[in-house]
Amino acid sequence: MGAFGNDLMKHNLDLLRSKARKEAVQGVFIAAAAIMLATLMVCFFEQREITLSGLIQAQRTNLALWILNAMAFVFPLWGQYASRMIVYEAGAMVRHQTEELRVRNDQLEREKAFASTHDPITELPNRPLFYDRVEQAIRSYREGSGNLTLFLLELENLKEIQDTIGPTAVDIILRQVATRLLQSMSAQDSVARLDGFTFGILCSESTGKEQAEHTAHRLQKVMEHHFDVQRLKLSLHTSIGIVLFPEHGEDADTLVQKAGVAVFMAGKSHDGFAFYSPSFDEHSPRRLTLMGELRQAIERNHLQLHYQPKAAIPGGKIIGAEALVRWNHPKHGFVAPDEFIGLAERTRMIKPLTQWVMERAFNDCAQLRGQGHEITVSINLSAKDLHDPQLPDRIVGAMSKTAVQPEWFIFEITESSIIADPDRVLNVLERINGLGFGLSIDDFGTGYSSLAYLSKLPVQELKIDRSFVRGMLLGSKDGVIVRATVQLAHNLNLKVTAEGVENEETLELLRQCQCDIAQGYYLGKPQPLEQLTDRLGQLAARSEVNTG
Ligand code: C2E
Ligand code: CA
Ligand code: CA
């Protein structure tokens, strides 16, 4: 208990003690009154009158009065003693309960800290904690004390297993992988689950390349043995990327990035593992340099947001636009999001990237609305964003910088980002939806679709993936899928957007299917804000002419 707690308890016990003392004084008065009354009565019964000498006589001769007199001393003494005991016991009780509360509080704090730094499935440290440990190891590294070795282990075919036998089985495998890795490494090493199917291992007492190679073989060996899941015996293919500190990088970000490149090369190599080598840069120069430069690109405003219009199918009115990020790289020129979003997800860059996109989109939308264009702006969220319980707070934070309303925005999420950890993601989605933002399922039909969860999700829109939309014209089954999806969505009270509409014929087929919204090159390519504003301005002027 702290000094404040001690003072408070002492004060309370003093209060109890003085109360008990007051009760004892009252007891003495009552005893004195009883003695007086009894003496008067004895005097009256014996002498038939009350005189001073009669009272003295009664006091001198009556044995019962003597006992009563003694009680006047016994009661206060007993009272004092009892009050002391009560105060003492109360003190002990309070002390005990306070201690219990403190222990429980400490335990809750510990549980909270654990949840924010560990992966809920394997209970291994998560990515931020792993980076912290790498940085800590780098700080305490002393020259001549050997290398730090960082392994990145990727489970290559787990995605296929997930798509075939479902996410629950994958959780079981992940836990088994975690146990095997922990058992094969020593207690000083750090094993973490970085994301989906990637584990990180930090060896702080490594003597160099040869030992690292030895460890890689050992890791391969423990992963070779099949995994027992749902009475199936499943084999995993692993690729291991290895980097050494200080040889390959001087901070956690660089080391993990380079280990990512090494994993990529390991996947192609015969051995299944690879040390990072600068020669890999020739094979994946962009991949490597891009990872290092994305942070700068965000900070220096080298990213841009383009907007692709979304049009209502009957009428063709532009009712929204999807924000799509673009990177105009000083050396490599235009870099497509498909190339760097994945990289950002693998490193810690997706959080600042999404933050940048949100802030810019909020700003741009405020500008559009200010000019009288009442359109909604759709923003893409990655799986990583949805696993961050602070995302709703970050959205509120970004929103507070601009005068926008949540109903002006729709966040697009993909099915696969929900499947990885449905409970956690559902909680985040409900909070975002509760704030008033719209939610949409992107690329619908390409992931591990489950109709059961669709009705549980707080979404308002489905976006049918462009692969189905493109196939409609070919008379294949895609047309049937699109039609059925539209009907299903309408039954669930959801709006449907068809992506990748590239011509009038497709638009006509979608009209027949009663699809609500179209998006695609035919209606407009992703374009800078100014271009969209011009187009909206022209359309508004034309409609004024039409109606006027
Ligand atoms: P997406 O969300 O499915 O975005 C639609 C993609 O389809 C865009 O590619 C768009 O240019 C392209 N597209 C639009 N209409 C047509 C069409 O008629 N035909 C064809 N063939 N393609 C069309 P983009 O801009 O290259 O983006 C690719 C993906 O990158 C996006 O797919 C999205 O998953 C991701 N992405 C883009 N911006 C962001 C962002 O700000 N944050 C996150 N997390 N992801 C983003
Ligand atoms: Ca999208
Ligand atoms: Ca899409």
Side-chain angles (χ1 to χ4, degrees), residues 1-118 120 123 125 129 132 136 187 389-390 392-393 396-397 400 423-424 427-428 430-431 434-435:
M1 221 183 296
F4 175 73
N6 273 331
D7 286 353
L8 191 70
M9 195 163 88
K10 191 168 171 304
H11 174 79
N12 284 341
L13 291 182
D14 284 348
L15 217 68
L16 260 180
R17 211 170 278 138
S18 87
K19 246 186 158 178
R21 222 172 277 136
K22 252 188 228 154
E23 299 289 330
V25 171
Q26 274 175 11
V28 172
F29 278 118
I30 292 169
I35 292 167
M36 254 149 81
L37 188 67
T39 315
L40 285 170
M41 280 169 72
V42 169
C43 171
F44 184 75
F45 283 126
E46 281 180 0
Q47 321 234 335
R48 291 284 147 206
E49 61 175 350
I50 293 174
T51 58
L52 184 62
S53 60
L55 289 173
I56 294 169
Q57 177 74 10
Q59 272 290 338
R60 269 202 196 138
T61 56
N62 193 305
L63 198 68
L65 282 183
W66 289 6
I67 294 170
L68 202 56
N69 289 346
M71 285 305 150
F73 296 99
V74 171
F75 274 131
L77 282 176
W78 174 249
Q80 279 280 348
Y81 171 74
S83 74
R84 259 174 203 282
M85 287 311 288
I86 288 168
V87 166
Y88 174 75
E89 274 172 24
M93 222 147 85
V94 169
R95 224 175 253 127
H96 179 69
Q97 282 170 357
T98 315
E99 186 60 22
E100 252 176 26
L101 275 176
R102 200 182 53 76
V103 169
R104 179 88 194 105
N105 192 33
D106 285 355
Q107 192 185 343
L108 284 175
E109 289 277 322
R110 268 201 304 276
E111 279 170 12
K112 207 170 125 201
F114 187 86
S116 66
T117 50
H118 289 75
E123 295 194 347
L129 182 57
D132 276 355
Q136 214 174 322
Q390 275 151 12
D393 301 332
V396 173
S400 66
D423 291 342
R424 190 146 142 197
N427 176 282
V428 169
E430 273 165 357
R431 280 162 61 207
L435 290 168

Look only at the side chain of Trp66 and the backbone of Gln59, and say whether a donor-acceptor pair between them is shorter than 3.5 Å. yes

With heavy-atom distances below 4.5 Å as the criterion, would you say the side chains of Pro125 and Thr117 are in contact? no

Taking C-beta and beyond as the side chain, do Lys112 and Leu108 meet within less than 4.5 Å on heavy atoms? no

Over 12 foreign heavy atoms within 6.0 Å of CD, Gln47: yes

State the [atom1]-[atom2] distance between [X] and [Y], to the nearest 0.5 angstrom.
{"X": "His96", "Y": "Leu101", "atom1": "NE2", "atom2": "CG", "value": "10.0 Å"}
{"X": "Glu109", "Y": "Arg102", "atom1": "CD", "atom2": "CZ", "value": "12.0 Å"}
{"X": "Leu40", "Y": "Met36", "atom1": "CG", "atom2": "CE", "value": "7.0 Å"}

Quick one: do Asp106 and Arg110 make a salt bridge, cutoff under 4.0 Å? no

Mutual orientation of the aromatic rings belonging to His118 and Phe114 [parallel < 30°, tilted 30-60°, perpendicular > 60°]: parallel

How far apart are the closest heavy atoms of [X] and [Y], and which atoms are they?
{"X": "Val94", "Y": "Thr98", "value": "O-OG1, 2.5 Å"}
{"X": "Ser116", "Y": "Ala113", "value": "OG-O, 3.0 Å"}
{"X": "Ala58", "Y": "Cys43", "value": "CB-N, 4.2 Å"}

Thr39 and its side-chain contact (heavy atoms from CB on, under 4.5 Å) partner, picked from Asn69, Leu68, Leu55: Leu55

Checking Arg48 against Phe44: charged group under 6.0 Å from the ring centre and within 45 degrees of the axis? yes

